[in-house]
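Starting from 1, each residue takes its place in the sequence as its number. Read the numbers this way: they start at 1 and go in the same order the structure lists the ligands and their atoms.
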Amino acid sequence: MCGIVGYIGNRESQPILLEGLKKLEYRGYDSAGIAVFTEQGLEVTKTVGRLANLEGRLQGDPLRGTVGIGHTRWATHGKPSDVNSHPHMDNTLKFSVVHNGIIENYLELKEELMHQGHRFLSETDTEIISHLIAVEYEGDIVKAVQKAVRKMRGAFALGVLTEYEPDRLVAVRYASPLIIGIGEGEKYIASDIPAILEHTRDIYILNDGEMAVLTRDGVELMTVEGNPIAKDVFHVDWDLMTAEKAGFDHFMLKEIHEQPKAYRDTMRGRLSDDGKSVSLTELSITPEQLRAINRVHIVACGTAMHAGLVGKTIIEQLARVPVETDVASEYRYRSPIITPETLVIVVSQSGETADTLAALREAKRNGARVLAITNVVGSSVAREADDVIITLAGPEIAVASTKAYTSQLIAFYLFGLHYAQVLGTQDEAFVSHVLAAMQSLPEQVEKILSQAEVIKKIAESISRHANLFFIGRGLDYAVALEGSLKLKEISYIHSEAYAAGELKHGTLALIEEGIPVISLITQEDLQEKTLSNIKEVKARGADVFAVVNEGNEAEIAKSVDSLFAIPRTLPLLTPALSVVPLQLLSYYASLALGHDVDKPRNLAKSVTVE
Ligand code: M6R
């Protein structure tokens, strides 16, 4: 997730921009840069790597001036590099832009601009924005930005400067956050409050489709169509730590709440214009090559492996190709049968997990084609795989993975549908039906999140137990495994996830009076069977909490002690919803026990050792 800072005032802008960018480091980034109006004109310094690298470059050659924009980039289009870093300029070097988000139709726009003779230096979608604005400029930067924005599709927050109007800084928000800071004789823009908190606590929060024109003495607010708007000033009374977490108590809770956005971002640009089919233009594997694949192996660790278990069902159901899912640390030592007709899908949030990387290399050594699903552009996994689907969850800071897991599910749905389209295993109507249901998922997650208090109460009660069980069948079992891992890693409560029908083969011996059993009952074709298994644990005194589909509450309430209903979706899509109450359950259980939610004991965010 990129970070934007901008300043217009009477003080030197470089230190303000650098300090602001440091406050946005928590968002994750791989390169950084600033543009400042100096006596020579609009000058840019940018570099790949940490902000310290940028500071190093600026030390010998500072950019002096009182108006500037700065950026930390988290790569989405094009690898992390000096040239792909922001700010980007047009060919005349008169316009400079920083951008957070994605321009969906940038390839189309880039081609048009190239026909008009524009030259591009970077692989980014952002660079086209500075060119578009330059093309539209007729003496008024505000109008030029408005015209350019009208041509762009996607999600973006922009900071724009032009050498022709050095006393104006233009900001636009369209589905990526941006705030305006108000100071005496100086104004700011930023992606997030911490970046400017030391300078001002009075801000305007831009909504989608709004823009601001900043001068030293004022802020003009309007829609991107140019209609003036009025806004109340928001006074921030949070401290810096709270501000970094956007008001949430922990990064984990913030990331759980970011899932609707992560779903939308991961889907954005990967559907046809009418939204009825999948278009994974980033894949280089041809339809012929995909048709030649006779088996799929999914390999990953921890939560990513649990996403892979769901991925197995998705691909098997949609594309009707046999899939095996393996733990990466086991895969390469079990002498798996890998041939050039095997597609190996490695899944990794960080893209740096040593076991997953080793499995990827083993697969390549054996001639397989490798597709990576990862959250980090330019990571080792992304660089070494033949094809990559980037999940656009944004940086995940909490050790316990939440939004990365659900974005991996979205990537699997997209890939499964793409695969089905290529093989012709599902008709167009079905694909479009699934895609329509997928587009409702973000709102459905929002609905679940709005009922977090219900889960909190259940969590407080289970936090008093030393052991518990998660059970489910089919996809519910795959989600149970993830729910159990989440609970273990941050609450340190021992739990086991069981295929509900397997309990009677041994584990039932552990069910005793009062033990909590979390049951997932969202796969309705298996509902009766799971309810029979629930009877088995109830008969031995278990306290059963169930996650069910809306509409089934009354029926299931007869068999369980408490329940939570998730909105209805297609059976195949339920994992993207049913996992959310389980994430909240582990979060609130950990909180009730007083643990460090974001940094649980004995764990690291990225495991780069075998
Ligand atoms: O970065 P990766 O997705 O490759 O990480 C894999 C696991 O280490 C990770 O999912 C781990 O299980 C998380 N702590 C789970 O919340």
**OP:** Check salt bridge (charged side-chain N to carboxylate O under 4.0 Å, His left out) between E446 and all other residues, then give those that pass, not counting sequence neighbours.
**Re:** R264
Original post:
Is it true that R295 and E324 have a side-chain N and a carboxylate O under 4.0 angstrom from each other?
Top reply: no
Original post:
Is Y588 close to E460 at the side-chain level, that is, under 4.5 Å between some pair of heavy atoms?
Top reply: no
**OP:** Measure centre to centre between the rings of F248 and H257, then say whether the value is under 6.0 Å.
**Re:** yes
**OP:** Just jot down the salt bridge (charged side-chain N to carboxylate O under 4.0 Å, His left out) partners of R50, sequence neighbours excluded, or say none.
**Re:** E25
Subject >> Amino acids in close contact with ligand 1, where any non-hydrogen atom sits under 4.0 angstrom away >> reply: C301, G302, T303, A304, S348, Q349, S350, T353, V399, A400, S401, K486, E489
Subject >> Test salt bridge (charged side-chain N to carboxylate O under 4.0 Å, His left out) applied to E255 - qualifying residues, sequence neighbours left out >> reply: none
